[in-house]
Number of protein chains: 2
Amino acid sequence: MPKVGMEPVRRKALVDAAMRVIGDHGSLTVTMSEIAKQAGVSPALAHHYFGSKEQLLIETVRVHLQRLRDSVITALRAAKTPREKLSAVIRVSFQADQFAPETIAAWLAFYAEAQRSEETRRFLVIYARRLRSNLLANLKALCPEEDAERIAEGAAAMIDGLYIRQSLRSAPISIEASIALTEDYINLLLAPLSREAAVQRTET
Amino acid sequence: MPKVGMEPVRRKALVDAAMRVIGDHGSLTVTMSEIAKQAGVSPALAHHYFGSKEQLLIETVRVHLQRLRDSVITALRAAKTPREKLSAVIRVSFQADQFAPETIAAWLAFYAEAQRSEETRRFLVIYARRLRSNLLANLKALCPEEDAERIAEGAAAMIDGLYIRQSLRSAPISIEASIALTEDYINLLLAPLSREAAVQRTET
DNA sequence: TATTTTTGATTGACTGATCAATCAATAAAA
DNA sequence: TTTTATTGATTGATCAGTCAATCAAAAATA
């Protein structure tokens with residue numbers, strides 16, 4: 001049924017199919033055939049639009065990272081205060097769709113791929129920086145910059161760690177518990193620093 | 001040079017070679033040829049001793065997890081108090097050899113593999129449980145059990161998270177900084193819960 | 001001790017399967 | 001007619017896994 005303007009439709013279908021197949025399979029060692037089948041087209045068409053398997057996979061990372069970014073932006077807009085914005089960033093990280101086993105499996109596979117593909121690595125580095133900087137920007141409004149950096153580093157690590165540990169599916173932690181742990185961390189580290197009481201502390 | 005008793009020698013050489021090749025390659029999509037070459041034997045011999053590539057990889061995970069376990073046990077023995085034991089567990093997690101880029105890349109690859117191989121997953125689950133329980137046992141001596149569980153969960157996540165983030169090699173964190181972040185986390189959560197911890201609040 | 005037999009170690013050459021990538025051909029819009 | 005979408009068939013490369021053959025040490029035997 002060749003109709004003009006199929007390209008964007010097919011590209012999206014293939015990228016979505018790739019994510020699903022990778023998530024199910026839990027690995028990037030998926031075939032173009034599987035992806036194409038899942039997208040309801042022939043393997044040859046996948047090559048036609050993406051040129052190579054690698055390009056399709058890179059595009060898949062790119063698109064999904066972009067979507068995650070959009071979620072964060074939306075959530076940040078809805079939050080008013082810096083403290084609310086911090087919570088928003090955390091909440092999005094543990095969003096139901098992000099926390100689904102197949103999604104986690106897929107991201108894990110991409111992390112592994114990043115060791116080999118410079119382009120995949122670049123995208124993931126951007127994600128890691130963004131997470132850290134979203135936390136940092138709002139923490140800076142609540143405590144001295146020096147402390148903000150430490151806390152952002154720790155919180156980002158905790159978020160990624162909870163995520164990774166989830167991938168093993170042993171003693172899975174609920175979304176709420178994951179959010180609570182991260183919030184607790186920030187609250188406790190912030191508590192002694194946020195007040196003006198800290199202000200009178202000059203550098204040691 | 002056929003001499004009797006080569007089997008254990010070859011097995012060890014192949015397992016070590018596998019870890020090295022996987023670490024360099026940053027992925028489990030390595031060939032038996034590469035591994036065998038690295039070990040200085042023919043691919044056929046690798047098959048002779050391990051039966052299949054999958055078995056060799058599983059054995060590789062097992063052996064390296066065992067080594068990590070031995071390090072932890074040794075470190076725990078050397079530590080006296082529960083608080084010292086906590087520090088020991090953290091220290092071993094970030095040991096230089098564990099924190100080397102190739103080692104991290106290899107573990108990441110195994111995590112991804114665990115999504116597909118039930119046996120690999122089992123080993124990693126054991127590791128995750130052990131980390132958590134080593135932390136938990138010693139935390140229990142320092143605070144109420146309920147809190148101990150929360151803190152153990154958070155600390156384990158932070159350790160794994162720092163580890164994973166290291167794999168992207170963007171803004172790498174030093175071993176000392178990683179240890180400090182984790183120690184800080186535990187100290188701060190412990191502070192309001194234990195008299196002893198409050199006493200030994202010495203540094204920031 | 002000298003000779004033969006057995007056994008473990010090792011490999012080169014091969015096979016079968018899998019898969020990414022290509023391409024020529026077809027069908028339907030424009 | 002030209003362009004775009006689409007596929008079946010095919011190719012070439014890569015690899016895991018197999019196997020029969022070799023070689024040398026060890027054990028058994030004379």
Side-chain angles (χ1 to χ4, degrees), chain A residues 1-22 24-61 109-110 112-113 115-120, chain B residues 1-22 24-61 109-110 112-113 115-120:
Chain A
M1 299 94 200
K3 213 174 19 182
V4 147
M6 279 290 100
E7 178 155 355
V9 177
R10 295 307 188 202
R11 290 187 91 98
K12 183 175 183 309
L14 283 163
V15 161
D16 288 345
M19 193 66 174
R20 221 169 314 129
V21 172
I22 291 166
D24 286 349
H25 214 271
S27 150
L28 287 198
T29 61
V30 294
T31 66
M32 285 299 251
S33 301
E34 284 174 280
I35 296 172
K37 193 176 182 183
Q38 175 73 220
V41 299
S42 75
L45 194 65
H47 272 99
H48 174 64
Y49 284 126
F50 288 93
S52 74
K53 182 182 169 184
E54 181 161 24
Q55 272 309 308
L56 168 52
L57 295 183
I58 286 171
E59 190 62 11
T60 303
V61 184
F110 285 129
E113 174 71 2
Q115 306 296 313
R116 301 199 293 116
S117 155
E118 184 53 40
E119 211 159 349
T120 302
Chain B
M1 303 91 202
K3 213 175 18 180
V4 147
M6 279 291 102
E7 177 156 357
V9 177
R10 295 308 188 201
R11 292 188 89 99
K12 182 173 184 312
L14 283 163
V15 161
D16 288 345
M19 194 68 174
R20 220 167 317 129
V21 172
I22 291 166
D24 287 349
H25 213 272
S27 151
L28 287 198
T29 61
V30 294
T31 67
M32 284 298 249
S33 302
E34 284 175 281
I35 296 172
K37 191 175 182 184
Q38 175 73 219
V41 299
S42 75
L45 194 66
H47 273 99
H48 174 65
Y49 283 127
F50 288 94
S52 73
K53 181 182 170 185
E54 180 162 24
Q55 272 310 307
L56 169 52
L57 296 184
I58 287 171
E59 191 62 10
T60 304
V61 183
F110 286 130
E113 175 70 3
Q115 306 297 313
R116 303 198 293 117
S117 155
E118 184 53 40
E119 211 159 348
T120 302

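Letters A, B, ... mirror the listed sequences (proteins, then strands); counts begin at 1.
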Student: Nearest whole angstrom, please: distance from the P of dA16(D) to the CG of Leu28(B).
Tutor: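 One finds 12 Å between P of dA16(D) and CG of Leu28(B), rounded.
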
Student: Please list, chain by chain and in numerical order, all residues satisfying salt bridge (charged side-chain N to carboxylate O under 4.0 Å, His left out) with Asp16(A), sequence neighbours excluded.
Tutor: Lys12(A), Arg67(A)

Student: How close or far is atom P of dG17(D) from atom CD of Gln55(B), stated in whole angstroms?
Tutor: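 It is 10 Å, rounded to the nearest whole Å.
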
Student: With sequence neighbours left out, write down each residue that passes salt bridge (charged side-chain N to carboxylate O under 4.0 Å, His left out) with Glu7(A), or none if nothing qualifies.
Tutor: Arg11(A)

Student: Report the distance from atom CE of Met6(A) to atom C1' of dA27(C), rounded to the nearest whole Å.
Tutor: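 Rounding to the nearest Å, CE of Met6(A) and C1' of dA27(C) are 15 Å apart.
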
Student: Write down the distance between CZ (Arg10(A)) and C1' (dA5(D)), rounded to a whole number of angstrom.
Tutor: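 Answer to the nearest Å: 8 Å.
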
Student: Mind checking side-chain contact (heavy atoms from CB on, under 4.5 Å) for Ser42(A) and listing every partner two or more places apart, or none if nothing turns up?
Tutor: Ala44(A), Leu45(A)

Student: Polar atom pairs between nucleotides 17-21 of chain C and protein, under 3.5 Å, N or O only, would you list them?
Tutor:
residue: dA20(C); atom: OP1; partner: Val30(A); partner atom: O; Å: 3.3
residue: dA20(C); atom: OP1; partner: Lys53(A); partner atom: NZ; Å: 3.0
residue: dA20(C); atom: OP2; partner: Met32(A); partner atom: N; Å: 3.0
residue: dA21(C); atom: OP2; partner: His47(A); partner atom: NE2; Å: 3.0
residue: dA21(C); atom: OP2; partner: Lys53(A); partner atom: N; Å: 2.8

Student: Without decimals, in angstroms, what is the distance between Glu7(A) CD and dA5(D) P?
Tutor: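 My rounded result for the distance is 6 Å.
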
Student: To the nearest angstrom, how far is Leu14(B) atom CG from dA9(C) atom C1'?
Tutor: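 Checked: the CG to C1' distance equals 13 Å.
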
Student: Would you indicate what Tyr49(B) reaches in the nucleic acid, counting non-hydrogen atoms under 4.0 angstrom: base, sugar-phosphate, or nothing?
Tutor: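 Tyr49(B): backbone/sugar contact only, no base atoms under 4.0 Å.
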
Student: Can you tell me how far P of dT10(C) sits from CG of Leu45(B), to the nearest Å?
Tutor: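 Computing the Leu45(B):CG to dT10(C):P distance gives 5 Å.
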
Student: Could you check whether any side-chain N or O of Thr60(B) sits under 3.5 Å from a backbone N or O of Leu56(B), counting only pairs where one atom can act as donor and the other as acceptor?
Tutor: yes

Student: Do any pairs count as a salt bridge (charged side-chain N to carboxylate O under 4.0 Å, His left out) and have a residue in residues 28-54 of chain B, sequence neighbours left out, and if so which ones?
Tutor: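 Sorted pair list comes back empty.
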
Student: List for me each residue that meets salt bridge (charged side-chain N to carboxylate O under 4.0 Å, His left out) alongside Glu59(B), sequence neighbours excluded, and say none if there are none.
Tutor: Arg62(B)

Student: Write down the distance between NE2 (His48(B)) and C1' (dA13(C)), rounded to a whole number of angstrom.
Tutor: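 Between C1' of dA13(C) and NE2 of His48(B): 18 Å.
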
